[in-house]
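A short write-up of the structure that comes next.
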Amino acid sequence: MKGTRHRTRSRVTAPTSPEASATSSDPEAFWSRDAAALLAELDSGIQGLSSDEAARRLKSEGFNALDEEPEAQVVRLALGQFKSPLVLILVFGGAVSAFLRDWLEAAIILAVVLGSCGLGFLQEYRASKAVAQLRSRLALTVNALRDGARRVVPTRELVRGDVLMLSAGNLVPADGIVLETRDFLVTEASLTGESFPVEKQPGVLPPGTPIAGRTNAVYLGTSVRSGTATVLVVRTGEHTAFGAVAQRLRAAPPETEFTRGVQEFGILLVRVMVVMVLFVLIVNQWMGRPWIESMLFAVALAVGLSPELLPAIVSVTLSAGARRMADRGVLVRHLEAIENLGSMDFLCTDKTGTLTEGVMTLEAATAPDGTASPEVLRLAFMNAAFETGIDNPLDAALVAAGAKAGLSKAGLRKIDEIPYDFLRRRLTIVLAPEAGGAHVIVTKGAFAQVLATCTRVARGGACVPLDDEERERLDAWFREQGSRGFRLLALATREVEPRSSYAHDDEAEMCFAGFLLFLDPPKATVLRTLETLAAYGVGIKVVTGDNRYVAAHVAKSVGLDAQAMLTGEQIGAMKDEALWHHAQKTVLFVEVDPQQKERIVRALQHHGHAVGYLGDGINDAPALHAADVGISVDGAVDVARDSAGVVLLRPDLDVLCQGVQEGRRTFANTLKYVSITTSANFGNMVSMALAAPLLPFLPLAAKQVLLNNFLSDLPSIAISSDRVDEDRLASAQHWDVHDLRRYMLVFGLTSSLFDLLTFWLLLKVFHASEPLFQTSWFVVSLLTELAVLLVLRTHRPAWKSRPGTVLWTTTLLVAAVALALPFIHPVASLFGLVPLPPGLLGAMLIVVLAYVAATEFAKRRFYALPRRRTRKRRSKRLRAPAPS
Ligand SMILES: Nc1ncnc2c1ncn2[C@@H]1O[C@H](COP(=O)(O)OP(=O)(O)OP(=O)(O)O)[C@@H](O)[C@H]1O
Ligand SMILES: [Mg+2]
């Protein structure tokens, strides 16, 4: 199932030909133009625009954004309310009444249609507003040159002619041409489908170059994998290559397990409805009733069965959940993510910043033998201070420690930089004295990866050959410090003859200079949080690029089993089948690269688990994307935040526990609405269909059906804020249409049984006339629908679970209206209701009470039974075929 979803997504993001639209909207093919000419044409310069000019352009060109105009959104939402065939049927019914000059009937139908559409619209509109507001709190920014200085500018406010500085982890915010690059690799999978990063360099290309070959241009929707670049913005917003595609994408949002569940369920309902409506129509015809009246009745029935507020309820419930989560510091970017958060049963997490504080301090800079070394500190400081890649806590700690020791960049010049990447796991800076002289290559990085470049080792101020014995000694020291909880980097250097540029193969024949020891202690609260998550049935797995020793130390100190470990090397050697098997049992995945992080997530999903992934780096992006719910933190790089469905405003796992709870609560309430209203409606349908041939008249007039339906919907809306029992929050929940069908049958038919009893009482005992019969049933069916809501909202005995305040107050209110309506004069006669004699009313109330008791009993049986069944279904899930 997960596989399908992913396929949908990747298809959605890999359009066939953005090419055509890109060239047709702008024939000038900017990749074939000289950078200087483009700058001149866009009236810009290497220093960027002035802020006045940028403001002027923003006014005339519009925002650099692909979102819909607010007005268009309102119209789409409003029209969406009439999309349902049921509403159309109803409108048709109203038109027929009008044609027959039955103005009152027509007006009532129209009022009900507008009433429920209006209600649906209002709720959905508020929900979408809330989501938009939440999203805007995560607005992206970019470094741009304005007034000749580097400024942080919201990407929405970029205009043609802006000059940007992009670095690893950034999302490319517009289309443009690169003016200057440094090992600048861009992932363009969203545009070209190519998953390997492409290197970009300034240049001029033939106009006919296809988009995948335009190595001098960058495009909105792609992301920077490594290195840095200066970029001139040439096209923004809808004029970008991605903009043209995004128009098409908006029509088809990605399908999730949740939306698919809702759809499947809708189809089931439509089927039941068609059968019943036909049955009613045929029977009424056969009994020779006036056809207009019976058609209106059938139509009203159809409307009655459909949970027409479902879309509104789902979005209201989810957005109410989203708002509550936002108050607790969890921002939801896609509403469906809430449901997925609630169903998550494995959480994979990065180490730094989630399990640990994420604020590194440099504890020591040592020579290879472990003695303190100011020279190693100096070199490490230079490496970190000249580095221009993504901001990271290791480099920040080195810069801070160096500054504290009085070091500065003065007197040195950077010749070149070989940026950090997740496969090499090292970062190289080439330095030279301002005054001139030999170049020094300074490399720092993960121990094994730095040692691999070394053939010599520093000893007593000189470099001596590195033999096996010395390697063994270094390794032993590294292991020892790691197990003590130190995060460790190695440093190596080499002097070379001056050259203008350097490449990867210059990281060779280096001299091992020493170690850098950092401390990043585990968070104080993590232990408790992990225990809470475990109590919720969420298993924790740590997935880190860091080395096994320090990872094991951290894992142990937060109470995880550090024995169950797999290394990146082992995973690399494993076939997928083997990984499926091992991933479940492993707690600690160490020394893994970004692709392996993704493989681990997929391996867990293969067994039917709903997997959450918590991470903050570019190296986490593929895994975040693959996970059922990607979770990132506010300070994360753009790419990670953009791949995530949920963003934690505080980098604190405790917030996450609350998020899981909130997700489960939201999901439980949505499910309550769906299961309760459909079983109640289903019961009513069956009763009416059966009653049609048995009764001398229609059990309810069409307008009464509609009013009844409208009134019973009111408390349903309050379900979104209902309380949820503790025991329902204790385990992950899944959408299950089979269960729903069974639910609908059991409780629907229970209600039908009592409806038939009511019919019998009314006809045979009270010999009720048509208006009296209809009024009684109007009141009874409304009261039973309300009562059943209070019974079925909990798995416990109804009296042992308190409903939410809004829910019980609206329920009482509507019940009062139901009882009073037949006595309120003009309204009652408008809807054909008559006052009920006390004896009849009493009898009806007894029926309602008996019905409530029966439902309570049926509920007990229903939830007592399925324990065995649940386990069976779960194991079926486990055996589900492989997602690919
Ligand atoms: N700026 C840097 N300079 C040099 N080496 C680095 C730098 N950043 C990371 N490394 C090395 O690469 C290793 C892997 O880092 P990476 O950021 O890929 O891990 P991660 O999976 O994000 O780990 P974590 O779980 O700690 O966040 C680090 O342990 C470190 O040895
Ligand atoms: Mg990380």
Side-chain angles (χ1 to χ4, degrees), residues 167-169 225-226 348-360 362 379-399 417-429 442-453 478 481-482 485-492 507 515-523 540-555 558 560 567-568 571 588-598 600 613-624 631-633 635-637 639-640 651:
S167 62
R225 182 60 200 278
S226 64
C348 301
T349 160
D350 195 28
K351 173 175 62 69
T352 303
T354 48
L355 296 183
T356 68
E357 293 289 350
V359 189
M360 226 80 73
L362 182 71
L379 290 170
F381 167 79
M382 295 304 172
N383 176 294
F386 279 108
E387 179 259 352
T388 57
I390 192 163
D391 292 338
N392 69 86
L394 288 170
D395 287 314
L398 285 172
V399 171
E417 171 173 356
I418 310 176
Y420 175 75
D421 70 59
F422 301 105
L423 295 174
R424 279 164 49 248
R425 291 197 192 137
R426 50 186 185 238
L427 190 164
T428 292
I429 301 283
V442 182
T443 300
K444 74 169 171 13
F447 171 72
Q449 277 72 12
V450 170
L451 191 64
T453 66
F478 160 73
Q481 302 307 320
F486 284 112
R487 203 167 170 181
L488 216 125
L489 287 185
L491 188 98
E507 292 174 335
F515 292 104
L516 303 158
L517 275 66
F518 301 84
L519 215 49
D520 180 18
K523 281 183 184 149
I540 305 286
K541 299 190 181 291
V542 179
V543 183
T544 176
D546 211 348
N547 74 66
R548 59 194 86 172
Y549 307 106
V550 63
H553 177 89
V554 172
V558 299
L560 295 171
T567 64
I571 294 173
L588 205 50
F589 300 86
V590 298
E591 297 163 31
V592 293
D593 66 37
Q595 263 59 46
Q596 291 171 338
K597 289 186 175 188
E598 181 185 346
I600 293 165
Y613 188 96
L614 174 59
D616 60 352
I618 338 177
N619 53 346
D620 299 312
L624 281 168
I631 307 163
S632 198
V633 293
V637 296
V639 193

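Each ligand, and each atom within it, is numbered from 1 in the order the structure gives. Source: prediction; values computed, not measured. Values below: every heavy atom of this structure, side chains too, minus hydrogens, waters and symmetry copies. This chain uses plain numbering: 1 for the first residue, then up along the sequence.
For the 3.5 Å distance criterion, the side chains of T453 and R426 fail to qualify, holding no donor opposite an acceptor.
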Q: Step by step, work out the side-chain contact (heavy atoms from CB on, under 4.5 Å) result for E387 and E417.
A: CA-CA 7 Å; E387 179 259 352; E417 171 173 356; 3.9 Å; yes
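Ring centroid separation for the pair Y549 and F486 does not come in under the 6.0 Å cut-off.
Taking CG of D616 as the start and CG of N392 as the end, the distance is 10.5 Å to the nearest 0.5 Å. Rounded to the nearest 0.5 Å, atoms CG (L488) and CG (L394) are 10.5 Å apart. Remark: Q449 CD to E591 CD distance equals 7.5 Å, nearest 0.5 Å. Rounding to the nearest 0.5 Å gives a distance of 9.5 Å between CG of N619 and CG of D593.
Using a 4.0 Å heavy-atom criterion, the residues that approach ligand 1 are D350, K351, T352, N392, L394, D395, Y420, F422, R425, L427, K444, G445, A446, R487, L489, T544, G545, D546, K597, N619.
The backbone N or O of P419 lies less than 3.5 Å from a partner atom in the side chain of R424, making a donor-acceptor pair. Using modelled atom types, no side-chain atom of D546 and backbone atom of R487 make a donor-acceptor pair closer than 3.5 Å.
Protein N/O/S atoms nearer than 2.8 Å to the Mg ion (ligand 2) total 1.
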